[in-house]
Amino acid sequence: MGRRIDRWTLTALGATALYLFFLNVWGSIPLACAAAFAASVLARRFLREHPPKRRVTGRQIAARLLRLASLPEAQAQAELVELISRGYPGEDFQLAVALKHPEAALSSGDILGAWKANRGADRLVVAATCLCEPRAALYARQLRGPAVAIVDSRALARLMRRSGGWNEAQQAQQARPGQWLMRFAGARISPRSALLAAGMLAMYLRFGSALYLLSSLVTLFGIGAALLQRRTGKRLFDGA
């Protein structure tokens with residue numbers, strides 16, 4: 001019922017926005033109603049044929065991290081290799097896993113043990129289902145032969161949101177009402193988006209229509225959410 005209410009509310013808001021837009025363009029109430037109805041029908045048909053991907057929630061990510069920590073090492077390593085390779089395509093690395101409870105921490109001792117066990121490799125990724133201690137992260141940067149990159153639970157969460165790599169049971173889970181806002185986090189940042197937001201804001205200042213202001217704020221929100229995703233970085237090893 002919550003999802004139905006959300007869907008009806010969004011449909012009503014979309015139809016109202018379309019009506020106000022066409023009314024502002026043509027100044028005719030009957031024509032604006034007809035155009036808004038036609039646009040709503042076309043939009044629903046398009047969304048039905050091209051449904052947007054569901055964004056995973058924080059609760060789902062926490063559940064998957066705990067599940068990974070409980071798996072046998074070989075199975076967890078296979079899933080983590082697939083996830084990290086999807087997030088960083090084209091990079092070769094040896095993977096070491098630290099399957100700890102998400103409330104634990106990855107220490108310098110854990111990193112040293114993984115580094116010793118993989119001597120002779122060129123690049124080593126230590127994937128942990130918990131957070132990495134700041135000192136351990138600094139220590140990892142100093143290691144060579146192999147060079148070490150840390151992918152802790154925070155980085156894994158960002159990779160999960162970007163890649164959408166979930167098993168069938170997790171894909172069957174429905175997002176909570178309001179989680180459609182998380183879809184903005186997967187948007188790409190482009191100069192066109194910034195120009196669009198600036199143009200809508202200029203139109204609002206020129207004509208005073210609230211529709212232009214709303215469009216500008218939504219676009220700016222999408223840019224801000226996408227900027228957060230860039231904190232993951234484009235490469236695992238920089239200059240190694």
Side-chain angles (χ1 to χ4, degrees), residues 53-56 58 60-102 104-171 182-183 185-190 225-240:
K53 293 183 178 180
R54 291 186 178 276
R55 300 298 298 181
V56 296
Q60 288 174 322
I61 288 176
R64 186 180 188 191
L65 289 173
L66 186 58
R67 187 185 68 86
L68 283 170
S70 305
L71 288 177
E73 183 171 334
Q75 185 177 350
Q77 185 164 3
E79 292 192 19
L80 288 170
V81 165
E82 181 182 357
L83 177 63
I84 297 172
S85 298
R86 188 183 297 118
Y88 298 94
E91 294 201 43
D92 296 326
F93 56 86
Q94 185 75 22
L95 182 69
V97 296
L99 304 179
K100 294 190 171 187
H101 191 278
L106 185 70
S107 66
S108 300
D110 298 323
I111 294 174
L112 178 60
W115 178 80
K116 283 184 175 181
N118 291 274
R119 280 182 175 174
D122 184 26
R123 295 177 174 183
L124 173 67
V125 173
V126 179
T129 54
C130 59
L131 290 175
C132 180
E133 295 178 351
R135 289 184 179 181
L138 292 174
Y139 173 65
R141 292 176 178 268
Q142 303 171 6
L143 295 174
R144 291 295 182 270
V148 177
I150 304 297
V151 180
D152 64 357
S153 59
R154 186 181 294 111
L156 287 176
R158 291 194 290 266
L159 289 174
M160 290 174 187
R161 287 193 174 100
R162 282 198 318 194
S163 66
W166 298 89
N167 59 29
E168 295 179 359
Q170 289 161 327
Q171 288 176 345
M182 296 299 297
R183 295 170 188 162
R188 290 186 177 182
I189 304 173
S190 65
L227 280 172
L228 294 177
Q229 294 295 316
R230 291 198 169 186
R231 295 173 55 190
T232 307
K234 293 183 178 180
R235 299 186 61 83
L236 285 168
F237 299 90
D238 294 328

Check your understanding: Donor-acceptor pair, R144 side chain versus R141 backbone, under 3.5 Å?
Key -> yes
Check your understanding: A137 and C132: which non-hydrogen atoms are nearest, and at how many Å?
Key -> N-SG, 3.7 Å
Review point. Could you state the interatomic distance from CG (D152) to CD (E133), rounded to the nearest 0.5 Å?
Key: 11.0 Å
Practice item. Check whether any side-chain heavy atom of Y139 lies under 4.5 Å from a side-chain heavy atom of L112, and answer yes or no. Key: yes
Review point. Does the side chain of L66 come within less than 4.5 Å of H101's, by heavy atoms?
Key: yes
Exercise for review: Measure the spacing between CG of D110 and CH2 of W115 and express it to the nearest 0.5 Å.
Suggested key: 15.5 Å
Revision key, fill the gap. Value for CG (L99) from CG (L65), rounded to nearest 0.5 Å, stands at 11.0 Å
Practice item. Mind checking the CD1-CG spacing from I84 to L95? Nearest 0.5 Å is all I need. Key: 5.0 Å
Point to revise | Heavy-atom closest contact (S107 atom, A136 atom, distance) | key: C-CB, 3.6 Å
Point to revise | Among L131, T129, I150, side chain to side chain contact (heavy atoms under 4.5 Å, CB included) partner for L106 | key: I150
Review point. Which heavy atom in G87 sits nearest to a heavy atom in L159, and how many Å separate them?
Key: CA-CD2, 3.9 Å
Revision key, fill the gap. Rounded to the nearest 0.5 angstrom, the CD-CZ distance for Q60 and R161 is 10.0 Å
Practice item. Quick one: pull up CG in N118 and CG in L143 and give me the separation to the nearest 0.5 Å. Key: 12.0 Å
Check your understanding: Under the 3.5 angstrom rule, does the side chain of K100 hit a backbone N or O of A105 as a donor-acceptor pair?
Key -> yes
